[in-house]
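A quick write-up on the structure given underneath.
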Amino acid sequence: MNKFERIKGALNSKEVDRVPVSLWMHLSKDDINPGILADSQIEFTKKYDYDFIKLMPFGLYCVEDWGAQVQYFTRTNRPPIIKKYGIQSIEDWGKLKALPAYYGTYGKQLQLAQYVSDKVKGEIPFVQTIFSPLTVARKLAGDRILLDMKERPELIKNALEIITETTINFVKANIEAGVDGFFFATQCASYDLLTEEEYKIFGEPFDLKVIESYNKETFLNIVHIHGDKIMFDLIKDYPVNCLNWHDRWTAPTLAKARTLTNKCLLGGVREVPYYDENNRIIRNSLLIDGTVNEVENHVKEAIEEVDGKGLIIGPGCVIDQATPEKSLFAVRRAVTANQHTLT
């Protein structure tokens, strides 16, 4: 099977020659230059023979064009950070304007998709990373949004409409560029931040507008539910065909998720350290200092949880940029061990 056939088989819970797999990390040394980032991601995917590319624009690309000041380091494991939020007062929400996809920092991420498309379209599936409108709003303002949505809910909803329109502009341009799907990340669908009722007001309606702008035009449509205490029961019913979350350290497990949905599950690899009951690190991620055998067994456990069906092996979120080659190859080796001949 080629990579497209393998991914599509997993998405439809059909028999595949082996479980598809991909890993991704921020490439903070390269990610301010879309051409260099495209080459780095393609090289990474080909070197380890992974099955799809998750484009890795830096996580603040969606707010700089609205006035957020971003500090860049261009060093490994030093991703850009917010120097000054774009929203400094509640009145600032009313100043947002919808942006075209070719504008500023958004335009650079569109270039990333164009560069990758020019080099691997039809050879390796690739998806663009986008964020939920509420996630963008939080990146733009910080946690003051939690107060602002209480004090001026209509103002915030109007701002979310503008963010949604901008995101859809970006989506449409990426489809024209040739992406095979989208990695839609929500970082706010967590009971640590909001109640489900609040998310249904400020999150879900805008999420669905974005997703429905592409889900019938692209084939690999992933939703990533970030954080702990996630609203899995709500997000699992979004009109996407693949679900990703931190299944190795927050509920539900892959096995439990399989009882809740028939959608393809993307996960199985723990990307973070191990902690004790006092939240102190007791061991790094297996990807960092585990043996090849430990990493392979880790992946094997994930495959066995769902009998290898309707599964793509991947991390719950970005892996550490310091992950050694032996672990990157070990993850790929582990799915080869599960390989079999289709009849």
**Request:** Examine distances only and state if a side-chain atom of Gln187 and a backbone atom of Phe131 form a donor-acceptor pair shorter than 3.5 Å.
**Result:** no

**Prompt:** Do other residues, nucleotides or ligands put more than 12 heavy atoms under 6.0 Å from the CZ atom of Phe44?
**Reply:** yes

**Prompt:** Hey, are the side chains of Asp39 and Lys119 touching, using non-hydrogen atoms and a 4.5 Å cut-off?
**Reply:** yes

**Asked** Going hydrophobic residue to hydrophobic residue with side-chain gaps under 4.5 angstrom, can you get from Ile222 over to Val19?
**Response** no

**Asked** If every non-hydrogen atom of Ser40 is compared with every non-hydrogen atom of Asp30, which pair is closest and at what distance?
**Response** OG-OD2, 2.8 Å

**Message:** Between Ser117 and Ala113 (side chain of the first, backbone of the second, donor and acceptor by atom type, cut-off under 3.5 Å), is there such a pair?
**Reply:** no

**Flag if over 12 foreign heavy atoms under 6.0 Å of NZ, Lys121** = yes

**Message:** Strictly distance-based, threshold 3.5 Å: is any side-chain N or O of Glu196 a donor or acceptor partner for the main-chain N or O of Met231?
**Reply:** no

**Fill in**
Rounding to 0.5 Å, atoms NZ (Lys209) and CD1 (Ile168) come to a distance of 7.5 Å

**Item:** is_close_aromatic(Phe58, Tyr72), centroid dist under 6.0 Å
**Value:** yes

**Message:** According to a hydrophobic-cluster definition based on side-chain heavy atoms being under 4.5 Å apart (Ile, Leu, Val, Met, Phe, Trp, Tyr only), do Tyr191 and Ile230 belong together?
**Reply:** yes

**Message:** Any carboxylate oxygen within less than 4.0 angstrom of a Lys/Arg side-chain nitrogen, looking at Lys83 and Glu64?
**Reply:** no

**Asked** When the ring planes of Tyr214 and Phe182 are compared, do they come out parallel, tilted or perpendicular, using 30° and 60° as the limits?
**Response** tilted

**Lys263 NZ to Leu11 CG distance, which is reported to the nearest 0.5 Å** = 11.5 Å

**Complete:** Here the gap from Met149 atom CE to Phe202 atom CZ, rounded to the nearest 0.5 Å, amounts to 5.5 Å

**Asked** Counting only heavy atoms not in Lys172, do more than 12 fall under 6.0 Å of its NZ?
**Response** no

**Message:** Starting from Leu243, can I reach Leu208 by hopping between I/L/V/M/F/W/Y residues whose side chains sit under 4.5 Å apart?
**Reply:** yes

**Prompt:** How about Glu161 and Pro133: do any of their side-chain heavy atoms sit closer than 4.5 Å?
**Reply:** no

**Asked** How are the rings of Tyr50 and Tyr48 set to each other: parallel, tilted or perpendicular (split at 30° and 60°)?
**Response** parallel

**Message:** I'd like to know if the side chain of Trp245 reaches the main chain of Val223, judged simply by a donor and an acceptor atom lying under 3.5 Å from each other, with no hydrogens or angles considered.
**Reply:** no

**Prompt:** Honestly curious: do Ile313 and Leu287 fall in one hydrophobic cluster under the side-chain, below-4.5 Å linking rule?
**Reply:** yes

**Prompt:** Would you say Val269 and Val21 make side-chain contact, with heavy atoms under 4.5 Å?
**Reply:** no

**Request:** Give, for atom CD of Glu165 and atom OG of Ser213, the distance between the pair rounded to the nearest 0.5 Å.
**Result:** 12.0 Å

**Asked** Any sub-3.5 Å donor-acceptor pair from His246's side-chain atoms to His226's backbone N or O?
**Response** no

**Item:** Steps toward salt bridge (charged side-chain N to carboxylate O under 4.0 Å, His left out) verdict (Asp289, Arg283)
**Value:** CA-CA 9 Å; Asp289 60 14; Arg283 183 175 184 182; 3.5 Å; yes

**Asked** How long is the span from the NZ atom in Lys157 to the CD1 atom in Ile201, to the nearest 0.5 Å?
**Response** 6.5 Å

**Prompt:** Considering residues, nucleotides and ligands other than Lys236, do more than 12 of their heavy atoms fall under 6.0 Å from its NZ?
**Reply:** yes

**Prompt:** Do we see a donor-acceptor contact under 3.5 Å between the side chains of Tyr106 and Thr166?
**Reply:** no

**Item:** Nearest non-hydrogen partners of Gln41 and Lys54, listed with the distance
**Value:** NE2-O, 2.9 Å

**Item:** Note, Ile42 side chain near Tyr115 side chain (heavy atom, < 4.5 Å)
**Value:** no

**Asked** If you draw the axis of the six-membered ring of Tyr61, does the NZ or CZ of Lys108 fall within 45° of it and under 6.0 Å from the ring centre?
**Response** no

**Message:** Less than 3.5 Å apart, any donor N or O on the side chain of Asn221 or Tyr238 sitting next to an acceptor on the other?
**Reply:** no

**Message:** One pair to check against side-chain contact (heavy atoms from CB on, under 4.5 Å): Asp207 and Ser132. What are the steps and the verdict?
**Reply:** CA-CA 6 Å; Asp207 293 352; Ser132 74; 3.2 Å; yes

**Asked** Considering only heavy atoms from C-beta outward, does the side chain of Asn158 approach that of Ile162 to under 4.5 Å?
**Response** no

**Request:** Decide yes or no for Asn2 and Lys8: does some side-chain heavy atom of the first lie under 4.5 Å from some side-chain heavy atom of the second?
**Result:** no

**Asked** Would you call Phe4 and Asp180 a side-chain contact if the rule is heavy atoms closer than 4.5 Å?
**Response** yes

**Message:** Quick check on salt bridge (charged side-chain N to carboxylate O under 4.0 Å, His left out): which of Glu305, Glu271, Glu301 does Arg248 satisfy it with?
**Reply:** Glu301

**Heavy-atom donor-acceptor pair, Arg332 side chain to Asp49 backbone, under 3.5 Å** = yes

**Message:** For residues Phe206 and Val210: do they belong to one hydrophobic cluster (side chain heavy atoms under 4.5 Å, members Ile, Leu, Val, Met, Phe, Trp, Tyr)?
**Reply:** yes

**Prompt:** Just wondering, do Cys317 and His224 contact through their side chains at under 4.5 Å, heavy atoms?
**Reply:** yes

